[in-house]
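Let me begin by presenting the structure, written as structure tokens, before commenting on it.
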Amino acid sequence: MEYVEIFDTTLRDGEQVPGCKLDSKTKLIIAEQLDLLGVDVLEAGFPISSPGDFNSVEEISKLVKNATVCGLTRAVKKDIDVAAEALKYAVRPRIHTGIGTSEMHMRYKFNATPDQIIERAIAAVAHAKSYVEDVEFYAEDAGRTDNEFLARVCEAVIKAGATVLNIPDTTGYCLPEEYGAKMKYLKENVKGIEKARLSCHCHNDLGLATANSIAGVQHGARQIECTINGIGERAGNTSLEEVVMIMRQHPYLQLDTRINSKMLFGISQLVSESMAMPVQPNKAVVGANAFAHSSGIHQDGVIKKRETYEIMDPKDVGVTESAIVLTARSGRAALAYRAKNIGYELDKLQLDKVYQQFLVVADQKKEINDDDLPKIIEASNI
Ligand code: KIV
Ligand code: ZN
């Protein structure tokens, strides 16, 4: 089994969600939980962006005991100086610096030639290295960067001292096969690659962030950058809970993380409430319906054996139990099960009668709850 490091960026890329800004106190509460969750790296913010962000990175650096604390910068000397200052109390500080490497970014953002971009990348890494040992380099828009040029950039920054190479699919454009092939290409063609860790940083514009990150680690990357609930710019980032549980539920991948998965549901709720960003009910792993069964066929199966319709034990992600939801699509098995839970043991004849009454009410009401059941049983004259 090999470990894939989890780089959490909920407090940096995640916090770039429009209208969901967190105050410093809330950031500290979330950072503490992320450290307990077992993330390997915690990206605390972008220190030069505002005094508030600087302060958060500094306070998180003082607080966090286990994870590496990371601050983002552009490939700009002043950004790096400020990040180093904000990280000075961290037990394990990391500076995350980088520059755009795709044709689009080089031409329109930087108006620079490929050689000038490489020079700036080297200078940024070397400067960051003068402050900290652990320097991560991001090649922004790597997803749309030509692989040969990307390999040249990676080789140059490794020589300058980069310890981690972040290969972001900044625009969420890649297909899993393409993103996996990019990692494989870098593993096979970058001189000195054994000195650095390749990292996946995928955005979800086409709903492929999780699939791309998994393809990345299947082809040699050993770090995934992700956020709780997949929050982030536009359609968001790779969702932490998804990649962690994919690796755990597929042991043949021979990859695992150090995440305490039993904390996933709780931390998902914490981030959702703090940011006033509800989790979609059908969200994988942590959504309200992720372990809820409402159709008769599924309910009958789950009551007989949970694994008929569940590939994860809800307890493993911090959800107390699977839910049997009573709706007009439910069957007798579910009705008997829920009635028994509140103290009504129904025989076959009684169940038939109650079920008829149940259907009448369920056709008018979205969901039948434990308060409705005694009334339905009484009205069935059994
Ligand atoms: O998506 C991206 O390219 C980023 C970098 C700044 C790491 O978030
Ligand atoms: Zn990003």
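One-based numbering along the sequence shown. Ligands are counted one by one from 1 in listed order, and the atoms in each one are counted from 1 as well. Every heavy atom of this structure was used, including side-chain atoms; hydrogens, water molecules and symmetry mates were not.
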Does [X], backbone or side chain, put an N or O under 3.5 Å from an N or O of ligand 1?
X    : value
R12  : yes
D141 : no
N166 : no

Could you list which atoms of ligand 1 come closer than 4.0 Å to a heavy atom of [X]?
X    : value
P168 : 2 (C), 3 (O)
D13  : 8 (O)
T170 : 1 (O), 2 (C), 3 (O)
H201 : 1 (O), 2 (C), 4 (C), 7 (C), 8 (O)
E140 : 3 (O)
H203 : 1 (O)

Nearest N/O/S atom of [X] with respect to the Zn ion (ligand 2), by atom name, please.
X    : value
H201 : NE2
H203 : NE2
D13  : OD2

Does a donor on one side chain sit under 3.5 Å from an acceptor on the other, for [X] and [Y]?
X    : Y    : answer
D8   : T10  : yes
D81  : Y131 : yes
E225 : T9   : no
N229 : S268 : yes

Going by the angle between their ring planes, with limits at 30° and 60°, are F358 and Y355 parallel, tilted or perpendicular?
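The arrangement is parallel - the two ring planes meet at less than 30°.
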Anything under 30° is parallel, anything over 60° is perpendicular, the rest tilted; go ahead and classify Y309 against H298.
parallel
Taking NZ in K109 as the centre, count heavy atoms belonging to other residues, nucleotides or ligands within less than 6.0 Å. Is the count above 12?
yes
Donor-acceptor pair, distance only, cut-off 3.5 Å: does the side chain of E155 make one with the backbone of K191?
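Yes, because the side chain of E155 sits within donor-acceptor range (under 3.5 Å) of the backbone of K191.
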Test item, E225 contacting ligand 1 (heavy atom, 4.0 angstrom)
no
Answer whether the closest heavy-atom distance between the side chains of E136 and T163 falls below 4.5 Å.
no
If we set the cut-off at 4.0 Å for heavy atoms, which region of E233 has an atom near ligand 1: side chain, backbone, both, or neither?
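None of E233 does.
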